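See below for the structure under consideration.
Note that the structure is predicted; figures quoted are calculated from it, not measured. Convention: sequence-line order gives letters A, B, ...; per-chain numbering from 1.
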Amino acid sequence: MNAPAAILEKDITPQGGDYEVIRRVIEKISLDYRDQPSLESLAEEVGETPGGLQKLFTRWAGLSPKTFLQAVTLDHARKLLDSGLPLLDTAYELGMSGPGRLHDLFVTHEAMSPGDYKTRGGGLTISYGYHISPFGLALIMVTDRGLAGLSFNDPGDERAAFADMSGRWPNATYVEDMSATAPYAARIFDRSRWCSDQPLRVVLIGTDFQVRVWQALLKIPMGRARAYSEIANEIGSPAASRAVGAAIGANPISFVVPCHRALGKSGALTGYHWGLTRKRAILGWEAGQLATDR
DNA sequence: TAAATCAATCTTC
DNA sequence: GAAGATTGATTTA
């Protein structure tokens, strides 16, 4: 198999190109969050003016850098876990507009039978393509039954991302076909198209245990989070929180199956297959989306 | 009090 | 058997 050259289409998400700067800012923040870095020092770090950085953040996340910074703190993450809170409290806390509709991406999921899984993708044809997303470059994989995989990588790591993903179903046939994946990309990363009347079709390819864990993830609404142990409870194996972590790590459809909404019981972001920085970015972005909801 | 250490627990390869 | 995107208890500085 030859890893594909990355072929970039036009930037379908206007804010997609902002991610590189955002990523570096988040990295900086998480490095020395202890002494609350100022807007000025952050801007200097990434070679922007304070005003420019402010504008960029607002465009990308709908939040000012300061509010965004708050949204990714341990303290705030802890609140996402607290199931006693009404859903909209996140938006209130961030000091933004009042209550409104709570959107989320609606999906219908279908699990492959254990038999199908054992063939490790044998007989399956998977179309894939790279697309710009608000969280870096997204590698999307689809079958005729729906979305099967979504991964992120930074520019230059396309080969690694492809190897990672295709290694999960080594016997499948892979075809680069952006015309097949582009509609998914457009749909997934454009929130105005997250509607319930035509749910996104998703196929879950994994072991029985993994599929149960992923289904539990799908039930977590946007702007909320669950602890690994809570998910373990939900699927009926209360002692299996560690195994749950492993299963979540194996989730092939990141973002759509919201593995970023799984946190340690303390609210700590314990891990993320595509990098903790990206997990922070996605959580902060979600907070911003909620806050701008009218 | 926070950080480090340890054992218990479950799934996968 | 070994290795995890965990947790809760215990110990240490």
Side-chain angles (χ1 to χ4, degrees), chain A residues 23 26-27 30-36 71-83 111-122 135-136 138-139 148-154 157 160-161 163-172 204-220 222 224-286:
Chain A
R23 204 201 86 231
I26 297 177
E27 225 155 46
S30 37
L31 220 53
D32 42 33
Y33 65 100
R34 262 166 243 276
D35 36 53
Q36 301 273 308
V72 295
T73 57
L74 184 72
D75 195 41
H76 185 268
R78 211 172 277 153
K79 290 182 182 135
L80 299 181
L81 282 175
D82 188 343
S83 49
M112 298 211 99
S113 71
D116 280 344
Y117 173 70
K118 274 209 210 70
T119 66
R120 315 227 54 196
F135 314 107
L139 169 57
L150 167 51
S151 79
F152 295 109
N153 61 269
D154 295 324
D157 296 335
D164 185 317
M165 294 300 288
S166 58
R168 298 163 190 238
W169 313 297
N171 298 325
L204 270 19
I205 312 178
T207 65
D208 182 59
F209 180 81
Q210 289 171 335
V211 170
R212 289 210 316 274
V213 170
W214 301 339
Q215 286 171 340
L217 285 178
L218 282 170
K219 287 195 239 159
I220 311 175
M222 167 138 143
R224 294 293 297 281
R226 295 272 178 283
Y228 297 96
S229 56
E230 291 177 308
I231 296 171
N233 267 317
E234 215 169 302
I235 63 171
S237 330
S241 40
R242 185 146 191 195
V244 164
I248 294 179
N251 164 37
I253 321 181
S254 59
F255 188 70
V256 173
V257 175
C259 42
H260 51 279
R261 296 181 195 148
L263 309 177
K265 194 152 207 185
S266 64
L269 278 58
T270 44
Y272 195 69
H273 192 84
W274 308 107
L276 276 183
T277 298
R278 216 176 303 266
K279 191 168 182 174
R280 283 196 186 85
I282 296 177
L283 286 169
W285 180 86
E286 290 199 341

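Residue A:Tyr228 is classed as a base contact, given a heavy-atom separation below 4.0 Å to a base. A:Ala240 comes within 4.0 angstrom of sugar-phosphate atoms only, judged by non-hydrogen atoms across all strands, and of no base.
Summarising the geometry, the separation between CZ on A:Phe209 and P on B:dT12 is reported as 7 Å, rounded to the nearest angstrom. The distance from atom CD1 of A:Ile231 to atom C1' of C:dT6 is 11 Å, rounded to the nearest whole Å. Between A:Asn233 atom CG and B:dC10 atom P there is a gap of 13 Å when expressed in whole angstrom units. Rounding to whole angstrom units, CG of residue A:Leu263 and C1' of C:dT7 are separated by 15 Å. Taking atom NZ of A:Lys118 as the reference point, atom C1' of B:dT12 lies 14 Å away to the nearest angstrom. One can place CD1 of A:Ile220 at 13 Å from C1' of C:dA5, the figure rounded to the nearest angstrom. One interatomic measurement links the two molecules: CZ of A:Arg242 to P of C:dT7, which rounds to 11 Å at whole-angstrom precision. Rounded to whole Å, the distance from CD1 on A:Ile248 to P on B:dC10 is 17 Å.
Aromatic ring centres of A:Phe135 and A:Trp274: separated by at least 6.0 Å.
Contact between the side-chain N/O atoms of A:Ser241 and the OP1/OP2 oxygens of C:dT7 is not found at any separation under 4.0 Å. The phosphate of C:dT7 has OP1 or OP2 within less than 4.0 Å of a side-chain N or O from A:Ser229. Here A:Lys265 reaches the OP1 or OP2 of C:dG8: one of its side-chain N or O atoms lies under 4.0 Å away.
Nearest nucleotide to the side chain of A:Tyr117, out of B:dC13, C:dA5, B:dT12: B:dC13. Nearest nucleotide to the A:Ala246 side chain, out of B:dT9, C:dG4, C:dT6: C:dG4. Listed nucleotides B:dT11, B:dT12, C:dA5 differ in distance to A:Ala243; the shortest reach to its side chain belongs to B:dT11.
Taking the side chain as every heavy atom from C-beta outward, A:Ser30 and A:Arg280 approach each other to under 4.5 Å.
Of the two residues near DNA chain C, A:Ser266 and A:Val244, the one whose nearest nucleotide lies more 5' is A:Val244.
Shown are A:Arg224, A:Lys265, A:Glu230; of these, the side-chain contact (heavy atoms from CB on, under 4.5 Å) with A:Leu81 is made only by A:Glu230.
If you check B:dT5 for Watson-Crick or wobble pairing at under 3.5 angstrom, you find it paired to C:dA9.
Side-chain N or O atoms of A:Lys79 include none that pairs as donor or acceptor with a backbone N or O of A:Gly267 at under 3.5 Å. Counting only distance, with no hydrogens or angles, the side chain of A:Asn153 and the backbone of A:Ala160 share no donor-acceptor pair below 3.5 Å.
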